[in-house]
Amino acid sequence: MSRKASLSGFHEWLPAERLVELHVQDTLRRVFELHGFANIETRAVETLGTLLRKGEIDKEVYAVSRLQGEAPEKAEDPNRLALHFDLTVPFARYVTENAGHLAFPFRRYQIQKVWRGERPQEGRAREFTQADIDVVGEGTLPFRYDVDVALVMAEALSELPIGDFTIRINNRKLAEGFYRGVGLNDTAGVLRCIDKLEKIGEDEVARLLREEIGATDEQAQKALALARIRTEDPSFVDQVRALDVHDELLEEGLSELAEVIGQLHRRMPGRAVADLSIARGLDYYTGTVYETMLDGHEQLGSICSGGRYDSLATKGNRTFPGVGLSIGVTRLVMRMLSQQMAEASRSVPTAVYVALTQDEDWETALDTAALLRSRGVAAEVAVRAEKFGKQIKYADRRGIPYVWFTSINDGVPNHEVKDIRSGEQVAADPQTWVPAAEDLAPTVSAPTSDIN
């Protein structure tokens, strides 16, 4: 991870690092599919009009154009193509265009690259991979899906070698109802101020509430008192009610958040908390909102976030409400590698290196490798005969655990396989021999030294 990137913000992993990334993706894919999420892939480009319609920061968008275009494209042209900066907005477009072919509620997952023109630093890149799950309904979407996606994501993250994590959950209805109940009607403005709490602290947020929102000292302190509430179970409800604020939307949000936290507390204890400081800056969230932190790595920021949106996708008089979460795969992998949280058992898929005793035996070596591969054992074949020590050294340098030797006596091949880690060498039949299960393919796990 100390290697200098040739192009800042665009990562190219070494083979062993790439195996860690693939392990993350494969684990997520397996868990998502176990829960019935279907995979889709959307195109890399959208029109600027589509990407920016929800008020995103246009300076972070990479526009694309042909070098030999017929006419220069205007920067503000809504039909100009640009690389997508997340997977949610393209998914909303996908749903509206394909609504007639989808069965609702539609459960989808995507694992794709996205591009964002921001300043590269640890945890932030210009090209990175995200993994999203969403459930989208037509017209309505039952609230229990808010619980469903949180449980799925907690299960998926629990199967990765990343240590402990905490899903911090709030509800926009709860927050907006509370602010409205204390007389702060610019609820979006209050949320934007509260969203800065961890970066600038309570005193500065209070100042922003007074100067930008017009809050009184009492109103600002009420908003901050709400943001201080954090519990691992539904006891936050009593703490909110103790603040003596009343609003119908507040009650609805309290009920929803209590159900989410209650289920997670029962089924995935220690993985989630009700954190009433979580605001999520995007305007399209309308209910439950989630942010996930790696315990002990909070400076990295959220590795998984999302929420409920009731009107992100619309088509005429049809609406497609949804709820979803997004994992920053590249952000997570960067931290896993830099902090040695996971490592691959070897950098290549090859389990067996079929050595050559003499060049004339190459055909026999190819036959041996074919037999091994027919049973799912990855094998590669030497292309010329060399001293055994040199061939073993080559396999060791590549991280290949076994070397296969064949000698021909009176036209009959004799086979032996050597575990170059232990030095043990035994007779073997290429039609039946298999390596130890843990050697069949590279594995990814936390280092035995348990470095944090």
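In what follows, every heavy atom counts, from backbone to side chain, and hydrogens, waters and symmetry copies are set aside.
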Asker: Donor-acceptor check, side chain of S158 to backbone of A154, threshold 3.5 angstrom: yes or no?
Answerer: yes

Asker: Closer than 4.0 angstrom, basic N to acidic O: yes or no for R29 and D26?
Answerer: yes

Asker: Is the number of heavy atoms from other residues, nucleotides or ligands under 6.0 Å of E218 CD greater than 12?
Answerer: no

Asker: Taking T314 for its side chain and S311 for its backbone only, find out whether a donor-acceptor pair lies under 3.5 Å.
Answerer: no

Asker: Does H101 offer a backbone N or O that forms a donor-acceptor pair with the side chain of N98 under 3.5 Å?
Answerer: no

Asker: With heavy-atom distances below 4.5 Å as the criterion, would you say the side chains of M341 and L294 are in contact?
Answerer: yes

Asker: State, yes or no, whether a side-chain contact exists between F91 and V136 at a heavy-atom distance under 4.5 Å.
Answerer: yes

Asker: Please report the C-alpha distance between V260 and F143 in whole Å, then the side-chain angles of each, then the deciding distance to 0.1 Å, and finally whether the side chain to side chain contact (heavy atoms under 4.5 Å, CB included) criterion is met.
Answerer: CA-CA 9 Å; V260 175; F143 168 74; 3.4 Å; yes

Asker: Could you give me the CA-CA distance, side-chain angles and deciding distance for Q339 and R335, then say whether side chain to side chain donor-acceptor pair (under 3.5 Å) is met?
Answerer: CA-CA 6 Å; Q339 300 297 308; R335 180 51 61 106; 5.3 Å; no

Asker: Walk me through whether L208 and I213 qualify under side chain to side chain contact (heavy atoms under 4.5 Å, CB included).
Answerer: CA-CA 7 Å; L208 290 177; I213 309 301; over 6 Å; no

Asker: Are more than 12 heavy atoms from other residues, nucleotides or ligands located less than 6.0 Å from atom CZ of R43?
Answerer: yes

Asker: Taking atom OH of Y62 and atom CG of L83, what is their separation to the nearest 0.5 Å?
Answerer: 9.0 Å

Asker: Nearest 0.5 Å, what's the OG1-CG distance between T432 and L371?
Answerer: 10.0 Å

Asker: Between R373 (side chain) and A379 (backbone), is there a donor-acceptor pair under 3.5 Å?
Answerer: yes

Asker: Find out whether I111 and I327 are in side-chain contact, i.e. whether some heavy atom of one side chain is under 4.5 Å from a heavy atom of the other.
Answerer: no

Asker: Quick one: are D186 and Y179 in side-chain contact, heavy atoms under 4.5 Å?
Answerer: no

Asker: Before accepting this row, confirm whether a basic side-chain N of the pair D295/R271 lies closer than 4.0 Å to the acidic partner's carboxylate O.
Answerer: no

Asker: Taking NZ, NE, NH1 and NH2 as the nitrogens, is one of them in E127 or R116 under 4.0 Å from a carboxylate oxygen of the other?
Answerer: no

Asker: Compare every heavy atom of R124 with every heavy atom of R119, then report the nearest pair and how far apart it is.
Answerer: O-CB, 4.2 Å

Asker: Can you check whether R108 reaches L87 side chain to side chain, under 4.5 Å on heavy atoms?
Answerer: yes

Asker: R331 side chain to M334 main-chain N or O, any donor-acceptor pair under 3.5 Å?
Answerer: no

Asker: Just one of V45, V89, T42 clears the side chain to side chain contact (heavy atoms under 4.5 Å, CB included) bar with H84, so which one?
Answerer: T42

Asker: Main chain of Y109, side chain of N39: is a donor-acceptor contact present, judged purely on distance under 3.5 Å?
Answerer: yes

Asker: Give the C-alpha distance, both sets of side-chain angles, the deciding distance and a yes or no for salt bridge (Lys or Arg N to Asp or Glu O under 4.0 Å) between K173 and D247.
Answerer: CA-CA 10 Å; K173 295 176 185 177; D247 183 88; over 6 Å; no

Asker: Taking the side chain as C-beta and beyond, is there a heavy-atom pair between T288 and V323 under 4.5 Å?
Answerer: no

Asker: Using only atom types and a distance under 3.5 Å, with no angle test, would you say the side chain of T292 pairs donor to acceptor with the backbone of C304?
Answerer: yes

Asker: Report the C-alpha separation of R107 and D148 in whole Å, then their side-chain angles, then the decisive distance to 0.1 Å, and conclude whether the salt bridge (Lys or Arg N to Asp or Glu O under 4.0 Å) test is met.
Answerer: CA-CA 11 Å; R107 300 166 71 86; D148 184 31; 2.7 Å; yes

Asker: Specify the closest pair of heavy atoms between Y353 and I400, including all atoms of both residues, with the distance to one decimal.
Answerer: N-CG2, 3.7 Å

Asker: Checking the side chain of T286 only, and the main-chain atoms of D310 only, is there a donor and an acceptor separated by less than 3.5 Å?
Answerer: yes

Asker: State whether the side chain of R172 and the backbone N or O of A279 hold a donor-acceptor pair below 3.5 Å, judged by distance alone.
Answerer: yes

Asker: Going from CD1 on I169 to CG on L174, what distance comes out if it is rounded to the nearest 0.5 angstrom?
Answerer: 12.5 Å

Asker: Is there a side chain to side chain donor-acceptor pair (under 3.5 Å) between D132 and Q110 once you walk through the steps?
Answerer: CA-CA 5 Å; D132 285 21; Q110 273 180 268; over 6 Å; no

Asker: Regarding E138 and R318, does a basic nitrogen lie under 4.0 Å from an acidic carboxylate oxygen?
Answerer: yes

Asker: Indicate the atoms forming the closest heavy-atom contact of Y145 with P105, along with that distance.
Answerer: OH-CG, 3.4 Å

Asker: Assess whether salt bridge (Lys or Arg N to Asp or Glu O under 4.0 Å) is satisfied between R228 and E202, documenting all intermediate values.
Answerer: CA-CA 10 Å; R228 294 188 196 106; E202 288 193 5; 2.9 Å; yes

Asker: For E198, is the CD atom crowded, meaning more than 12 foreign heavy atoms sit under 6.0 Å from it?
Answerer: no

Asker: Report the distance from atom CD1 of I200 to atom CZ of R207, rounding to the nearest 0.5 Å.
Answerer: 7.5 Å

Asker: Under the 6.0 Å and 45° cation-pi test, does R241 pair with F236?
Answerer: no

Asker: Passes side chain to side chain donor-acceptor pair (under 3.5 Å), N171 versus Y285? Steps please.
Answerer: CA-CA 9 Å; N171 189 291; Y285 292 121; over 6 Å; no

Asker: Between F104 and F320, does the ring centre distance come in under 6.0 Å?
Answerer: yes

Asker: Main chain of V348, side chain of R398: is a donor-acceptor contact present, judged purely on distance under 3.5 Å?
Answerer: no

Asker: Within the structure provided, determine whether V20 and E343 are in side-chain contact (heavy-atom separation under 4.5 Å).
Answerer: no

Asker: Apply side chain to side chain contact (heavy atoms under 4.5 Å, CB included) to L209 and Q219, showing your working.
Answerer: CA-CA 9 Å; L209 288 171; Q219 289 171 327; over 6 Å; no

Asker: Could you walk me through whether E60 and F85 pass the side chain to side chain contact (heavy atoms under 4.5 Å, CB included) test, one step at a time?
Answerer: CA-CA 8 Å; E60 293 187 352; F85 55 81; 5.9 Å; no

Asker: Do E21 and R18 have side-chain heavy atoms sitting under 4.5 Å apart?
Answerer: yes

Asker: Looking at every non-hydrogen atom in both residues, tell me the closest pair between L81 and T47 and how far apart they are.
Answerer: CD2-CG2, 4.2 Å

Asker: What are the two closest heavy atoms between L191 and A175, and how far apart are they?
Answerer: CD2-CB, 4.1 Å

Asker: To the closest 0.5 Å, what do you measure between OG1 (T166) and CG (D275)?
Answerer: 10.0 Å

Asker: With rounding to the nearest 0.5 angstrom, report the CD1 to CD distance, I167 to E291.
Answerer: 12.0 Å

Asker: Is it true that E159 and R30 have a side-chain N and a carboxylate O under 4.0 angstrom from each other?
Answerer: yes

Asker: Run the ring-ring contact (aromatic ring centres under 6.0 Å, His included) check on F10 and W115 step by step: do they pass?
Answerer: CA-CA 10 Å; F10 296 84; W115 296 266; 8.7 Å; no

Asker: We want to know whether E155 and H35 form a side-chain donor-acceptor pair, criterion being a heavy-atom distance below 3.5 angstrom.
Answerer: yes

Asker: Could you report the tightest heavy-atom contact between H11 and A125, atom names first, then the distance?
Answerer: CD2-CB, 3.9 Å

